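See below for the structure under consideration.
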Amino acid sequence: MSSYEMLNPAQQEAVCHVDGPLLILAGAGSGKTRVLTHRVAYLIEECDVNPWNIFAITFTNKAAREMRERVDAIVDFGAEDVWVSTFHSACVRMLRRFGDRIGWDKRFSIYDTDDQKMVMREVCKQLEIDTKTMKERAILSEISSAKNEMIGPEEYKKLAGRDFRKLRIADAYAAYQERLHHNQAMDFDDLLLQTVELFKQAPDVLEFYQDRLRYIMVDEYQDTNSVQFELVRMLADKYRNLCVVGDDDQSIYKFRGANIRNILDFEKHFPDAKVIKLEENYRSTKTILNAANAVIRHNNGRKEKTLRTENEEGTRISFHQYQNEYEEAEGIISDIQRTMRTEKADYSDFAILYRTNAQARALEEKFVYAGLPYRVVGGVNFYQRKEIKDMIAYLKVIDSGIDDVSVRRIVNVPRRGIGVASLQKAADFAENSGMSLFEALRGADRIPELKRSAAKIHVFTDLIQVFRAKAEYMNLSDLYDSILEDTGYLAELQEEETDEALTRIENLEELRNKIVEYEEGSENPDLSELLEQIALVADIDNVAEDDDRVLLMTLHSAKGLEFPHVYMSGMEDGLFPGYMSMVSDDPDEIEEERRLCYVGITRAQKTLSLSCARTRMRQGERQLNPVSRFVREIPKELIDGRVPSKNAFRAFDDDDGGYAFTAPDPAPAYAPRREKSKPAFKYEIDSFIKKGSQMGGTEPDYGEGDRVSHVKFGQGTVVSLEKADNDYNVSVDFDKFGVRKMKASFSKLKKI
DNA sequence: TTACGCCTCCTTTTT
DNA sequence: GGAGGCGTAA
């Protein structure tokens, strides 16, 4: 039985509002998850609502899982019937069930951005679009925006008018959709859009879900896009029990189509909506909250609100400007170590946040060097790695051979002597006869042009057929093992005996673990479902609560999380806020960056530390960056540390010992591209910062018995070191990975 | 057909 | 700095 007295009056009001639209404006740390979970409990326990009729939509799978756990904990009975899901997962589920009503195979596959790009490449080739002047990525992002506004190919074409560029994109859009449908594949945007389409074309399906999902709750409402709004509007149209929770100040996904108007105009769409503001913060110290309020106040067009807290004053926010990103990383790490010594803290009490994934590299290097446990969230996604994508492509083809992109990916991996020429012939044949590529390959001996390679092609198709037969009776992990073995994929890697191959094998083992994990957690494991889960996970979904490591992640990934000690690194104009937002005509761009900053600050419970680097390596060039304007928007009295004057480049005068810089053209290196031969400015100071970041020379400075540190494997002890060719073979017993043999020049081991 | 190497291009964030 | 694309050589 849950107790509602523990909630403050505003929270109680939100929990007890049952019928009709409700907008909860929940400031950061104001206990909105508490409100949502208690509201679910209240509906079930006090209002006799059938749990089956409750639908809660969250932003990430992790949030969904947490909400489910918390609801389970406070509701005695029936909590498992509440449907808690992300938009994308929910749509997949509905489409798998009813998608055939609008012409989709129930086993449609889901394309990630790489797959999309492959399709677009083919489209561009077909339409003779020059990808030098119009990038595939650019076209795709245009299409994505269109989809987010629910504009289909025909309408897009109409809207294009006489704009040549847009007309070309319209053609590409139409061809792209055609190919997706031909492959029975949807991209992320389609998952939402096609569900709306399903509801439009099959009113009975819509009504089925309206009756089923009578109480709808949407978390992180400020980050919904127009399609998601439409989806929710349709579902809630019959019973109008829609409760949305959000904070316009935390809207940070405009780039992906989020429409901040959804929350700002909620009352226009639902004139009878009740609006409740949660303005008491239970998370942060007064100091941190004051800083957050001060920063966000610089934005216009927000829903007026000011967070307050009864928490203690807390310590001042620390600020430090370092020489470069490596010193910044070292500074943060020694600060963490100091805090660990003076206070009782776990590693998992610390998080380092940054604007771009690339910033993780320097930090990671120094963490390895220092031997502190850490975890980088996001970045190069596990599921984007070559070997993982290959295996998933095998699984996809086994599951359904309609998807040409996956077939192309693996038809010659490992090498079977099937070249692009043969493949093109088969693709042409498939095109002309309206069959899928796989079907064409299967009948290769009947395609005259393929006579010579038909035998090789059949090796592939027979292999797939065998796997399909095996899939009927084998469990998924055995099937996976069989793929690794029978294709020779694993053997090929094992023979390679390089660091890289070893990492790949580890990744393949990791994928196996995930499959086993899925099998164990599912009542009725199924290949299609496995693939869909894989397609829809975010890296943050995999962060375990009980894992005692420092977390490194982007500000975006940190949304919805909280940590006792937060470091915001790379507080530099040009990086954060990003250069593009600084020069943009659209003032909302810089405001979105500021909201991101607000999100970052409000993640902190006890201490907040800001840092930046004077110079930073970016895109192969060393850049000089002034301190972020956001730092200066925080009142001085809240900050411990000197914030340089606004004329930031003067800060270089103090202590740079002989390294004279002239104030550069303020345009960073990636600004409107100049002729490549003469970059505007390039600093020859790399050698200056190399200390600790790289070794150099061929003679290792370590020997048998020495402790060394490796970028990937962490610390270990040198077992043997011997001369070979013009290099050294070194064997190291790593604390966490066991004995590894490697080339000294390649391994970049560092003596500790 | 493949392997290697040079060239080019990077939005920044992610379901 | 690094990944991916494309062209050339074997």
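Everything numeric in this text was worked out from a predicted model, so none of it was measured. Just so you know, these numbers use all the heavy atoms, side chains as well, and skip hydrogens, waters and symmetry mates. First the proteins, then the strands, lettered A, B, ... as listed; each starts at 1.
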Original post:
Between A:S557 and B:dT14, does any side-chain N or O lie under 4.0 Å from OP1 or OP2?
Top reply: yes
Original post:
Roughly how far apart, to the nearest Å, are B:dT11 and C:dC6 at atom C1'?
Top reply: 24 Å
Original post:
Roughly, in whole Å, what's the span from CZ in A:F576 to P in B:dT13?
Top reply: 13 Å
Original post:
Can you tell me how far P of B:dC9 sits from NZ of A:K117, to the nearest Å?
Top reply: 13 Å
**OP:** With the side chain of A:S422 defined as its heavy atoms from C-beta on, choose the nearest nucleotide among C:dC6, B:dC10, B:dT1.
**Re:** B:dT1
**OP:** Please state how far atom CG in A:D112 lies from atom P in B:dT15, giving the value in whole angstrom units.
**Re:** 12 Å
Original post:
Just by modelled atom types, is the A:L180 backbone N or O under 3.5 Å from a matching donor or acceptor in the A:N183 side chain?
Top reply: no
Original post:
Any side-chain N or O of A:R137 under 4.0 Å from OP1/OP2 of B:dT11?
Top reply: yes
Original post:
Is the backbone of A:S557 close enough, under 3.5 Å, to the side chain of A:T554 for a donor and an acceptor to pair up by distance?
Top reply: yes
**OP:** Considering non-hydrogen atoms only, spot the tightest contact between A:G570 and A:F576 and give its length.
**Re:** O-CB, 3.8 Å
Original post:
With rounding to whole Å, what would you report as the distance between C:dG5 and B:dT12 at their C1' atoms?
Top reply: 23 Å
Original post:
Looking across every strand, which nucleic acid part, if any, lies under 4.0 Å from A:Y253 by heavy atom: base, sugar-phosphate, or nothing?
Top reply: sugar-phosphate
**OP:** Could you check whether A:R595 gets within reach of a base, just the sugar-phosphate, or nothing at all, counting any heavy atom under 4.0 Å?
**Re:** nothing
Original post:
Which nucleotide sits closest to the side chain of A:R355: B:dT12, B:dT14, B:dT15?
Top reply: B:dT12
**OP:** Please determine, for the side chain of A:T86, which listed nucleotide (B:dT11, C:dG5, B:dT15) has the closest atom?
**Re:** B:dT15
**OP:** Quick one: label A:A535 by what it contacts on the DNA or RNA (base, sugar-phosphate, nothing), any heavy atom closer than 4.0 Å.
**Re:** nothing
Original post:
Are A:N412 and B:dT2 close enough that a side-chain N or O sits under 4.0 Å from OP1 or OP2?
Top reply: yes
Subject >> Geometric class of the A:Y253/A:F255 ring pair [parallel <30°, tilted 30-60°, perpendicular >60°] >> reply: tilted
Subject >> Given B:dT12, C:dG2, B:dT14, the nucleotide with the shortest approach to the side chain of A:H556 >> reply: B:dT14
**OP:** With DNA chain B as reference, determine whether A:E593 or A:V420 sits nearer its 5' end, using the nearest nucleotide of each.
**Re:** A:V420
Subject >> Aromatic stack A:F255/B:dT13: centroid gap under 5.5 Å, interplanar angle under 30° >> reply: yes
**OP:** Report the nucleotide, chosen from B:dC10, B:dT13, C:dG1, that has the shortest atom-to-atom distance to any side-chain atom of A:T554.
**Re:** B:dT13
Original post:
Heavy atoms under 4.0 Å, any strand shown: does A:G417 hit a base, just sugar-phosphate, or nothing?
Top reply: sugar-phosphate
Original post:
Atom CZ of A:R603 and atom C1' of B:dT13: how far apart are they, to the nearest Å?
Top reply: 15 Å
Original post:
For B:dT14, does OP1 or OP2 lie under 4.0 Å from any side-chain N or O of A:Q116?
Top reply: no
Original post:
Separation of A:R416 atom CZ from B:dT2 atom P, in whole Å?
Top reply: 12 Å
Subject >> Ion pair check, A:D588 and A:R595, cut-off under 4.0 Å >> reply: yes
Original post:
What's the closest nucleotide to the A:R256 side chain, out of B:dT15, B:dA3, C:dG1?
Top reply: B:dT15
**OP:** Calculate the interatomic distance between A:Q250 atom CD and B:dT13 atom P; express it in whole Å.
**Re:** 20 Å
Original post:
Quick one: A:Q384 CD to C:dG2 P, roughly how many Å, whole number?
Top reply: 18 Å
Original post:
Would you say a side-chain N or O of A:T113 is under 4.0 Å from OP1 or OP2 of B:dT15?
Top reply: no
Original post:
Which whole-number value in Å describes the distance from A:E136 CD to C:dG4 P?
Top reply: 13 Å
**OP:** Looking only at side-chain atoms of A:N357, point me to the closest of C:dG4, B:dT13, C:dG1.
**Re:** B:dT13
**OP:** Verify the distance criterion only: is there a donor paired with an acceptor across the side chains of A:K147 and A:Q194 at less than 3.5 Å?
**Re:** no
Subject >> Non-hydrogen side-chain atoms of A:I601 and A:F630 separated by less than 4.5 Å >> reply: no
